[in-house]
Amino acid sequence: MLKKMGEAVARVARKVNETVESGSDTLDLAECKLVSFPIGIYKVLRNVTDQIHLITLANNELKSLTSKFMTTFCQLQELRLEGNFLHRLPNEVSTLQHLKAIDLSRNQFQDFPEQLTSLPALETINLEENEIVDVPVEKLATMPTLRSVNLRFNPLNAEVRVIAPPLIKFEMLMSPEGARAPPP
């Protein structure tokens, strides 16, 4: 087990170093068995955080993200967090004023993360396969750049299904009532 942990830490360090050395705008820490965002990474990336526009933390074991994560990477345009154990976002997600796309699919959200409705550049929200029942349709309808919200395989209430279509100007993907996601 210790060997596997060591390999995972080495993999994260390698990926972070690649980002710094190449001057890349992408930090890909997908499938690294992370339970939290490693604090040491903030120090390593301190001189390049402004140029990072895409962070992928998909398919880890994250239960939460800190406010420091959101405020440190405030230039993000895309955030991929699918396949974790997240159930909420910190309020500081509102500092991501350049965010265009966020993928929160296959997490544990029971409530729609309403902080997302305050992001002026947001075009795509993916919340597929969560446990969301209610959606702030009226707030979503006022988002000027929003193009797509994926809510497939969520137990949405009937009111959302009826109210949404006439109010929205974007694509809202929903599964038929009672549909379940296929097994992984």
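Note that the structure is a prediction, hence the values are computed from the model and not measured. When a residue number appears, it is its place in the shown sequence, counting from 1.
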**Request:** In sequence, state the C-alpha distance, the side-chain angles, and the governing distance for His87 and Asn107, and then conclude on side-chain contact (heavy atoms from CB on, under 4.5 Å).
**Result:** CA-CA 7 Å; His87 59 91; Asn107 273 286; over 6 Å; no
In a table with atom names and distances, give each donor-acceptor pair under 3.5 Å that connects a side chain of residues 165-173 to protein atoms at least two apart or in another chain.
none

**Evaluation steps, side-chain contact (heavy atoms from CB on, under 4.5 Å), between Phe73 and Asp50** = CA-CA 7 Å; Phe73 299 104; Asp50 283 349; over 6 Å; no
**Asked** Do any N or O atoms from the side chain of Thr72 and from the backbone of Phe69 form a donor-acceptor pair under 3.5 angstrom?
**Response** no
**Item:** Side chain proximity check, Leu27 to Leu45, heavy atoms < 4.5 angstrom
**Value:** yes
**Request:** First locate atom CG of Leu76, then atom NE2 of His98, and finally report the distance between them rounded to the nearest 0.5 Å.
**Result:** 10.0 Å
**Request:** May I ask you to check whether over 12 heavy atoms, not counting those of Asn17, lie within 6.0 Å of atom CG?
**Result:** yes
**Message:** Would you say the ring centers of Phe37 and Tyr42 fall short of 6.0 Å from each other?
**Reply:** yes
**Complete:** d(Leu116 CG, Leu104 CG) to nearest 0.5 Å is 6.5 Å
**Complete:** Glu123 and Leu146 have their tightest heavy-atom pair at O-CD1, 3.5 Å
**Request:** Decide yes or no for Pro120 and Gln97: does some side-chain heavy atom of the first lie under 4.5 Å from some side-chain heavy atom of the second?
**Result:** yes
**Prompt:** Distance from Met70 atom CE to Gln115 atom CD, nearest 0.5 Å?
**Reply:** 8.5 Å
**Request:** Classify the side-chain pair Asp25/Gln51 by whether it contains a donor and acceptor separated by less than 3.5 Å.
**Result:** no
**Asked** Same hydrophobic cluster for Leu57 and Val35, using side-chain heavy-atom links shorter than 4.5 Å among ILVMFWY?
**Response** no
**Asked** Taking it one step at a time, do Leu81 and Leu86 satisfy side-chain contact (heavy atoms from CB on, under 4.5 Å)?
**Response** CA-CA 8 Å; Leu81 298 166; Leu86 300 171; 3.9 Å; yes
**Asked** Going from CG on Leu79 to OG1 on Thr56, what distance comes out if it is rounded to the nearest 0.5 angstrom?
**Response** 8.0 Å
Counting only pairs under 3.5 Å, give me each side-chain donor-acceptor contact of residues 131-140, with atom names and distances, residues two or more places apart or in other chains.
| unit_1 | atom_1 | unit_2 | atom_2 | d |
| --- | --- | --- | --- | --- |
| Lys139 | NZ | Glu114 | OE1 | 2.6 |

**Request:** Using only heavy-atom distances, determine whether the side chains of Ser105 and Asp103 contain a donor-acceptor pair under 3.5 Å.
**Result:** yes
**Request:** To the nearest 0.5 angstrom, please state how far the CZ atom of Phe112 sits from the CG atom of Leu151.
**Result:** 6.5 Å
**Request:** Using atom types as modelled and distance alone, determine if a side-chain donor or acceptor of Thr145 lies under 3.5 Å from a backbone N or O of Leu122.
**Result:** yes
**Complete:** Between Thr66 and Pro90 the two heavy atoms that sit nearest each other are O-CG, 3.8 Å
**Prompt:** For Ala30, does its backbone N or O pair with a side-chain atom of Asp28 as donor and acceptor, under 3.5 Å?
**Reply:** yes
**Any Ile102 side-chain heavy atom under 4.5 Å of Leu89 side chain** = yes
**Request:** Could you check if a side-chain atom of Gln77 sits within less than 4.5 angstrom of a side-chain atom of Leu99, using non-hydrogen atoms only?
**Result:** no
**Asked** So, does Asn150 use its side chain to make a donor-acceptor pair with the main chain of Asn126 at under 3.5 Å?
**Response** no
**Request:** Check whether any side-chain heavy atom of Phe109 lies under 4.5 Å from a side-chain heavy atom of Asn154, and answer yes or no.
**Result:** no
**Asked** Would you call Thr26 and Ile55 a side-chain contact if the rule is heavy atoms closer than 4.5 Å?
**Response** no
**Request:** Give the cluster check for Leu65 versus Leu54: same hydrophobic cluster or not, with ILVMFWY residues linked at side-chain heavy-atom distances below 4.5 Å.
**Result:** no
**Verdict with supporting geometry, Glu31 and Arg11, side-chain contact (heavy atoms from CB on, under 4.5 Å)** = CA-CA 10 Å; Glu31 299 178 10; Arg11 184 171 183 217; 4.2 Å; yes
**Prompt:** Taking Thr19 for the side chain and Lys15 for the main chain, is one N or O donor matched with an acceptor at less than 3.5 Å?
**Reply:** yes
**Asked** Is there side-chain contact between Gln110 and Asn130, with heavy atoms separated by less than 4.5 Å?
**Response** no
**Interatomic spacing from NE2 in His53 to NZ in Lys100 - rounded to 0.5 Å** = 9.5 Å
**Prompt:** Transitively linked via ILVMFWY side-chain contacts under 4.5 Å: Phe153 with Val160?
**Reply:** no
**Prompt:** Any side-chain heavy atom of Glu61 within less than 4.5 Å of one from Leu34?
**Reply:** no
**Asked** Is it the case that Asn59 and Arg106 place a side-chain donor and acceptor less than 3.5 Å from each other?
**Response** yes
**Message:** For residues 80-91, which residue pairs pass the salt bridge (charged side-chain N to carboxylate O under 4.0 Å, His left out) check, not counting sequence neighbours?
**Reply:** Arg80-Glu82
